[in-house]
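Below: the structure, in structure tokens.
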Amino acid sequence: MWEAASTCVTVPLLARCTHVDPVVDLAALRRLEPGAVDAVFDVYAPRLNGFLRRLGASVEVAEELVQEAFVRLVRTAPRLRDDTRVSAWLYTVAHNLWRSHRRWAWVDGTRLLELASGPPARPATPAELTTSAETRARVESAVAALPEAQRAVFLLVVGEGLAPGEAAEVLGISPEAARQRLARARDIIREAVS
Amino acid sequence: MNDPTLEPIPLRAAAEVRIRAVVRQEARRTRLALAEAALHGGFALGAIVWALAAVMG
């Protein structure tokens, strides 16, 4: 039913992932078969969480938004079209939820606390433990320091393997704007880690 | 070589359990709503067919 999710390979750092979207059985997902929903969750929950955390969400906020994104997916699943890319759909919803959260966070003041606490910390994965901690720290820091518009494009294309055009759709910007932001982000990251 | 910096970030274990439960519950609720809608649709169609048959004798 499902192809195994391939690993996001980026060699070197600034290359785009070669694949990320595993084949989703849309028919099973439309019928909301438990196995289908679980399989999508297994693949995309950690990815959405990483995307949101690197956009600046706290651990708790990222979890809340991941939950909301999947609840919306389940509610919408019976109406998904044949050409729907579940990954792009989920990133679009997650990004919109994040933007909405930030607007309200500004109002209630919690955003100020998030800003004051700096870039979000996150647990190390096994792969990370085998890689240069210094390089990793510089990259993570450089990504966190990117302006959010550039960071979102960078994370979607480099981190999640979307094509620049798909990232543009997720973010609601033109493909040209996405390419420009991506190029600028790559320049900044390259400079930071070189 | 994987780029470790942009690897997915697993949910905390407790949060994953909680979110999975919420999503499964929502899936069950949605499936039930779809089944009810289909049932009502079936009744409506049956009633129309019955009425037509009655009119046409």
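The basis for the numbers below is simple: all heavy atoms, side chains too, and nothing from hydrogens, waters or symmetry mates. We name chains A, B, ... by the order of the sequence lines, and we start the count at 1 in each one.
Interface residue B:Leu11: backbone and side-chain heavy atoms are both found under 4.5 Å from chain A. Proximity to chain B is limited to the side chain of A:Leu155, based on heavy atoms less than 4.5 angstrom apart. Both the backbone and the side chain of B:Arg12 come within contact range of chain A, with heavy atoms under 4.5 Å apart. Contact of B:Arg31 with chain A is made through backbone and side chain together, with heavy-atom distances under 4.5 Å.
Between A:Trp98 and A:Val61 the shortest side-chain heavy-atom distance falls below 4.5 Å. In this structure, the side chains of A:Phe51 and A:His95 come closer than 4.5 Å at one or more pairs of heavy atoms.
Looking at residues two or more places apart in sequence or on another chain, you find no salt bridge (Lys or Arg N to Asp or Glu O under 4.0 Å) involving A:Arg79.
Taking 4.0 Å as the cut-off between side-chain N and carboxylate O, A:Glu176 and A:Arg179 count as a salt-bridged pair.
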